[in-house]
Peer 1: 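Sharing a structure with you now.
FYI, the numbering just counts along the sequence from 1.
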Amino acid sequence: MLALSGCATSAGGDGSGKDPVTFICSPQEDWCQVVAAQFTAATGYAANYVRLSGGEAVARLTATGDTPEFDAWFGGGAEGHLAAEQAGFIEAYDSPNADAIPAEYKDPDGLWTGVYVGALSFCSNTDILKEIGASAPASWADLLDPKFRSNIAMAHPGTSGTAYAALWSQVDLDGGDQDEALGYFRKLHSNILQYSKSGSAPGQMAGRGEVATGIIFAQDCQKFINEGFTNLTTTFPKEGAGYEVGAVSLIKNARNPEGAKAFIDWTLTAEAQDLAATVGSYSVPTNPDATITDDMVDLSKLNLLHFDIEAAGEARNQLTQRFDAEVAPAPKE
């Protein structure tokens with residue numbers, strides 16, 4: 001598993017007497033690496049991880065059933081964790097450090113606890129916008145403009161929590177009507193160049209000039225800007241921006257439940273959450289004592305949609321299956 005899945009590992013068998021902790025990691029790779037290394041430094045537990053997007057994580061847990069490879073799941077939208085719980089793969093853990101996390105960012109029954117918040121955005125290449133004669137999109141409706149034909153990228157909601165947040169945003173805007181929400185994406189389909197597997201990949205595509213706009217979380221767009229894609233600009237839909245609460249949870253039947261709980265406890269500290277910005281990940285931390293940097297979005301200034309995490313988690317499997325059947329394979333007009 002370690003050789004094939006891109007795991008970062010810290011040295012085990014160091015005499016600490018602690019069994020290693022293996023976790024699913026859903027944020028970007030560099031953040032996963034620093035989480036594994038610093039958790040080991042802080043606690044003495046050796047740490048292994050496999051980087052999987054939200055949809056991939058649920059699929060991997062399904063494949064292993066009652067004998068999971070993992071002890072904990074770090075990152076990815078809370079609705080994905082709930083979908084995994086409904087399938088029997090997550091168990092409750094009420095971390096003592098969860099007391100510091102605001103109530104809106106944690107499950108009341110301890111099934112998941114939020115470690116960061118990210119707002120959905122449009123990440124656009126200003127050079128490509130000029131070429132196609134379009135302005136940076138400021139609404140979901142703007143994305144339907146024929147000028148954007150084959151010039152938008154988003155991930156597939158079946159594999160990506162980012163894309164599922166976009167899909168659920170339309171459900172929310174349509175008053176819970178899933179048919180209407182899928183109807184929007186059928187209209188958008190002709191403007192989509194590619195459905196990627198990774199939620200952040202559309203931002204990289206925009207940065208390279210392959211598309212005008214990627215639908216990604218704002219923190220990912222800012223990361224790419226800081227890494228040299230200075231022609232990118234971030235805008236937010238005026239109708240309302242969806243968001244995710246990136247969560248951490250305990251895997252049911254974990255091989256090392258005590259190590260997993262230590263890992264969850266650590267991720268909820270301000271010190272652990274401050275690590276994200278050191279590797280250019282600018283999601284907003286949930287611990288009030290963590291540092292807010294200038295590169296992070298001021299959520300209070302955005303028109304955020306109400307995100308019913310429980311409803312989104314319950315609908316995830318069926319809704320993504322419908323997207324896969326009704327939207328993704330449709331011919332483009």
Side-chain angles (χ1 to χ4, degrees), residues 25-35 37-38 42 74-78 97 100-102 104-105 113-129 135-139 161-162 165-166 169 198-208 212-238 240-248 266-305 307:
C25 192
S26 292
Q28 295 200 47
E29 183 74 27
D30 47 7
W31 190 358
C32 296
Q33 290 175 357
V34 74
V35 164
Q38 293 303 313
F74 175 80
N97 291 344
I101 309 301
E104 63 265 34
Y105 299 143
T113 308
V115 289
Y116 62 86
V117 182
L120 206 60
S121 73
F122 306 139
C123 185
S124 300
N125 184 313
T126 54
D127 295 332
I128 304 302
L129 289 174
S135 300
S139 69
T162 305
S169 295
S198 164
S200 61
Q204 294 172 313
M205 293 173 66
R208 294 191 295 263
T213 298
I215 303 173
I216 66 172
F217 286 116
Q219 68 264 20
D220 292 328
C221 194
Q222 187 61 50
K223 176 180 174 67
F224 297 142
I225 292 170
N226 290 1
E227 289 177 347
F229 288 124
T230 54
N231 53 351
L232 291 177
T233 187
T234 307
T235 54
F236 298 91
K238 62 184 180 182
Y243 65 97
E244 78 166 347
V245 179
V248 64
W266 175 80
T267 65
L268 300 179
T269 66
E271 293 76 14
Q273 293 185 13
D274 281 341
L275 293 171
T278 68
V279 290
S281 291
Y282 303 112
S283 50
V284 179
T286 59
N287 189 309
D289 293 329
T291 303
I292 302 297
T293 74
D294 291 341
D295 286 311
M296 295 176 185
V297 172
D298 185 345
L299 297 174
S300 68
K301 294 182 178 179
L302 298 183
N303 177 25
L304 291 177
L305 296 171
F307 188 21

Peer 1: Of all residues at least two apart in sequence or in a different chain, which pass the ring-ring contact (aromatic ring centres under 6.0 Å, His included) check with Y116?
Peer 2: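 Only W31 meet the ring-ring contact (aromatic ring centres under 6.0 Å, His included) criterion with Y116.
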Peer 1: Measure across A212 and L129 and return the closest heavy-atom pair with its distance rounded to 0.1 Å.
Peer 2: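 Where A212 meets L129 most closely, the heavy atoms are CB-CD2, 4.1 Å.
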Peer 1: Could you state the interatomic distance from CD1 (I216) to OG (S121), rounded to the nearest 0.5 Å?
Peer 2: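 The distance works out to 5.5 Å.
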Peer 1: Tell me whether E244 contacts the main-chain N or O of G77 through its side chain, where contact means a donor paired with an acceptor under 3.5 Å.
Peer 2: yes
Peer 1: Ignoring hydrogens, what is the shortest heavy-atom contact between Q273 and P285? Give both atom names and the distance.
Peer 2: OE1-CB, 3.2 Å
Peer 1: Distance from Q38 atom CD to W266 atom CH2, nearest 0.5 Å?
Peer 2: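 Reported to 0.5 Å precision, the distance equals 6.5 Å.
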Peer 1: When rounded to the nearest 0.5 angstrom, what distance separates OH in Y243 from CG in L299?
Peer 2: 9.5 Å
Peer 1: Would you say that Q219 contacts V297 through its side chain, given a criterion of any heavy-atom pair below 4.5 Å between the two side chains?
Peer 2: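 Heavy-atom side-chain distance check fails, nothing below 4.5 Å.
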Peer 1: Please report the closest heavy-atom contact between A206 and G214, naming both atoms and the distance.
Peer 2: CB-N, 4.1 Å
Peer 1: Would you mind writing out the side-chain donor-acceptor pairs for residues 227-238 within the sub-3.5 Å range, not counting sequence neighbours?
Peer 2:
| residue | atom | partner | partner atom | Å |
| --- | --- | --- | --- | --- |
| E227 | OE2 | K223 | NZ | 3.1 |
| N231 | ND2 | N125 | OD1 | 3.4 |
| T235 | OG1 | P137 | O | 2.6 |

Peer 1: Taking all atoms of both residues into account, what is the closest heavy-atom pair of A166 and L120, and its distance?
Peer 2: CA-CD2, 3.4 Å
Peer 1: The test is side chain to side chain donor-acceptor pair (under 3.5 Å); show your working for S300 and D298 and say whether it passes.
Peer 2: CA-CA 5 Å; S300 68; D298 185 345; 2.5 Å; yes
Peer 1: Taking side chain as C-beta onward, heavy atoms only, is P202 less than 4.5 Å from C123?
Peer 2: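 P202 vs C123: side chains apart.
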Peer 1: Hey, what do you get for CZ (F217) to OG (S200), rounding to the nearest 0.5 Å?
Peer 2: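 The CZ atom of F217 sits 11.0 Å away from the OG atom of S200.
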Peer 1: Counting N and O atoms only, with roles assigned by atom type, does the side chain of N97 sit under 3.5 Å from a partner on the main chain of L268, one being a donor and the other an acceptor?
Peer 2: no
Peer 1: What distance separates E29 CD from S281 OG, expressed to the nearest 0.5 Å?
Peer 2: 11.0 Å
Peer 1: Looking just at side-chain N and O atoms, do N226 and Y282 make a donor-acceptor pair shorter than 3.5 Å?
Peer 2: yes
Peer 1: Answer yes or no: are there more than 12 heavy-atom neighbours, outside D294 itself, under 6.0 Å from its atom CG?
Peer 2: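 It does not: D294 CG has 12 such atoms or fewer within range.
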Peer 1: Could you tell me which non-hydrogen atom of A119 sits nearest to which non-hydrogen atom of L304, and how far apart they are?
Peer 2: CB-CD2, 4.3 Å
Peer 1: Could you check whether any side-chain N or O of T286 sits under 3.5 Å from a backbone N or O of Y105, counting only pairs where one atom can act as donor and the other as acceptor?
Peer 2: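 Looks like no, no N/O pair under 3.5 Å.
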Peer 1: As an exercise, state the distance from CD of Q204 to OG of S198, rounded to the nearest 0.5 Å.
Peer 2: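 Between atom CD of Q204 and atom OG of S198 there are 7.0 Å.
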Peer 1: Which heavy atom in N287 sits nearest to a heavy atom in T269, and how many Å separate them?
Peer 2: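 Here N287 and T269 meet closest at ND2-C, 3.7 Å.
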